[in-house]
Amino acid sequence: MKLLKNTAPLFLALAVAALPLTAISAEDKKADDALMEPVKSVLDQYLKIQGELAKDSIKGVDEHAAAIAKAVKGDDMKMLSPDVAKQADALAQAKDLRAARAAFKPLSASLVKYLADNKAGKGTYREAYCPMVKASWLQTGKTIKNPYMGKQMLSCGELKN
């Protein structure tokens, strides 16, 4: 009986100490869920577009943007807003670099917002901001690769996270 009396407070202390861990796990799970398909493939396609625009190229941009739109429209769980599909469709229709960069801005804003709202992608996707064009984008890595300025000012911008 004395052993039970002495161990009960220990078990209670362990249970209380474990509570924050379960809360963290639930939040991490939400962040993991936020990067399920089709969001993961949307971000993969997005990064390909970002890379091409940073090289002053629109090669494959139409295909990657169309793939984003298709993924969002085909998502039964509606993880991403239908606006993302519309923005991707607009980007897919861009005929030149200037139009592609203009269409890339709202798509970037939507995906940046999605990751922030869902507390997802930390450590993988980084938000960068260019004060010259007053626009953000997502990228991986710490070296700025500005899709709005390209080779002219590839390193213009700052990482926000």
Side-chain angles (χ1 to χ4, degrees), residues 20 23-161:
I24 291 169
S25 297
E27 190 170 300
D28 287 347
K29 174 140 178 46
K30 181 182 177 197
D32 288 345
D33 288 349
L35 289 177
M36 292 178 7
E37 291 302 335
V39 176
K40 178 86 174 85
S41 61
V42 164
L43 290 169
D44 290 345
Q45 297 293 332
Y46 172 89
L47 290 174
K48 292 173 184 172
I49 295 168
Q50 182 264 329
E52 285 302 314
L53 295 178
K55 294 188 288 188
D56 294 333
S57 167
I58 60 169
K59 181 181 177 193
V61 167
D62 57 344
E63 296 165 16
H64 299 306
I68 289 172
K70 182 179 179 185
V72 173
K73 290 173 187 174
D75 177 22
D76 294 335
M77 293 188 339
K78 305 291 182 220
M79 294 181 74
L80 290 163
S81 164
D83 290 342
V84 172
K86 291 176 192 163
Q87 294 158 351
D89 279 335
L91 179 55
Q93 300 304 314
K95 300 295 181 211
D96 59 32
L97 188 57
R98 183 181 177 136
R101 285 179 169 153
F104 188 68
K105 284 182 185 182
L107 178 62
S108 293
S110 292
L111 293 177
V112 166
K113 183 179 180 337
Y114 175 83
L115 290 180
D117 289 351
N118 290 282
K119 296 176 176 59
K122 291 183 181 185
T124 302
Y125 303 100
R126 302 180 190 291
E127 179 185 354
Y129 177 78
C130 175
M132 300 288 287
V133 295
K134 296 178 177 57
S136 291
W137 71 92
L138 294 171
Q139 66 173 47
T140 56
K142 293 181 180 180
T143 303
I144 294 289
K145 292 185 179 161
N146 189 320
Y148 303 114
M149 302 298 281
K151 294 175 187 171
Q152 179 185 6
M153 293 181 75
L154 186 62
S155 62
C156 179
E158 62 188 23
L159 292 176
K160 294 188 109 184
N161 62 10

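Numbers here simply count residues along the sequence, with the first being 1. Just so you know, these numbers use all the heavy atoms, side chains as well, and skip hydrogens, waters and symmetry mates. All figures in this text were calculated on a predicted structure; none of them were measured in a lab.
- Taking the side chain as every heavy atom from C-beta outward, Ile49 and Ile58 never approach each other to under 4.5 Å.
- How far CD of Gln93 is from CG of Leu91: 9.5 Å, rounded to the nearest 0.5 Å.
- The two atoms that bring Ser81 and Val72 nearest to each other are O-CG1, 3.6 Å, heavy atoms only.
- Applying the ring pair (Phe, Tyr, Trp, His ring centres under 6.0 Å) rule to pairs touching residues 120-143 yields Trp137-Tyr148, sequence neighbours excluded.
- Taking the side chain as every heavy atom from C-beta outward, Ser108 and Ser136 never approach each other to under 4.5 Å.
- Taking all atoms of both residues into account, the shortest heavy-atom contact from Pro131 to Cys156 is CD-SG, 4.4 Å.
- Among pairs with a residue in residues 40-74, those fulfilling ring pair (Phe, Tyr, Trp, His ring centres under 6.0 Å) read Tyr46-Phe104, at least two apart in sequence or across chains.
- Inter-residue side-chain proximity for Leu115 and Leu35 is flagged as met; some heavy-atom pair is nearer than 4.5 Å.
- Residues passing the salt bridge (Lys or Arg N to Asp or Glu O under 4.0 Å) test with Glu52 are Lys55, sequence neighbours excluded.
- The distance from atom NZ of Lys70 to atom CD of Glu63, rounded to the nearest 0.5 Å, is 12.5 Å.
- When all heavy atoms of Leu47 and Leu138 are compared, the closest pair comes out as CD2-O, 3.9 Å.
- Two residues are said to be in side-chain contact when any heavy atoms from C-beta on lie closer than 4.5 Å; Val133 and Lys105 meet this criterion.
- Atom NZ of Lys134 is surrounded by 12 or fewer heavy atoms from other residues, nucleotides or ligands within 6.0 Å.
- For Lys48 and Asp44, the salt-bridge test fails: no basic side-chain N is under 4.0 Å from an acidic carboxylate O.
- Using a 4.5 Å heavy-atom cutoff, the side chains of Asp75 and Leu80 are not in contact.
- Rounding to the nearest 0.5 angstrom, the gap separating the CE atom in Met153 from the CE atom in Met132 is 4.5 Å.
- Remark: Glu127 CD to Lys122 NZ distance equals 11.5 Å, nearest 0.5 Å.
- Side-chain N or O atoms of Gln50 include one that pairs as donor or acceptor with a backbone N or O of Lys145 at under 3.5 Å.
- Heavy atoms only, all atoms of each residue included: Ile68 and Ala88 are closest at CG2-CB, 3.6 Å.
- Listed here is the closest heavy atom pair of Ala92 and Ala66: CB-N, 4.0 Å.
- For the residue pair Ala94 and Ala99, the shortest heavy atom distance occurs at CB-C, 3.8 Å.
- Residues Leu159 and Gln139 meet the side-chain proximity criterion, which asks for heavy atoms closer than 4.5 Å.
- Inter-residue side-chain proximity for Arg101 and Pro147 is flagged as unmet; no heavy-atom pair is nearer than 4.5 Å.
- The residues Asp89 and Lys73 are annotated as salt-bridged, a charged nitrogen and a carboxylate oxygen being separated by less than 4.0 angstrom.
- For the pair Asn146 (side chain) and Ser155 (backbone), a donor-acceptor distance under 3.5 Å is absent.
- Not a single donor-acceptor pair under 3.5 Å links the side chain of Ser41 to the backbone N or O of Glu37.
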Verdict with reasoning, Leu154 to Ile144, per side-chain contact (heavy atoms from CB on, under 4.5 Å): CA-CA 7 Å; Leu154 186 62; Ile144 294 289; over 6 Å; no
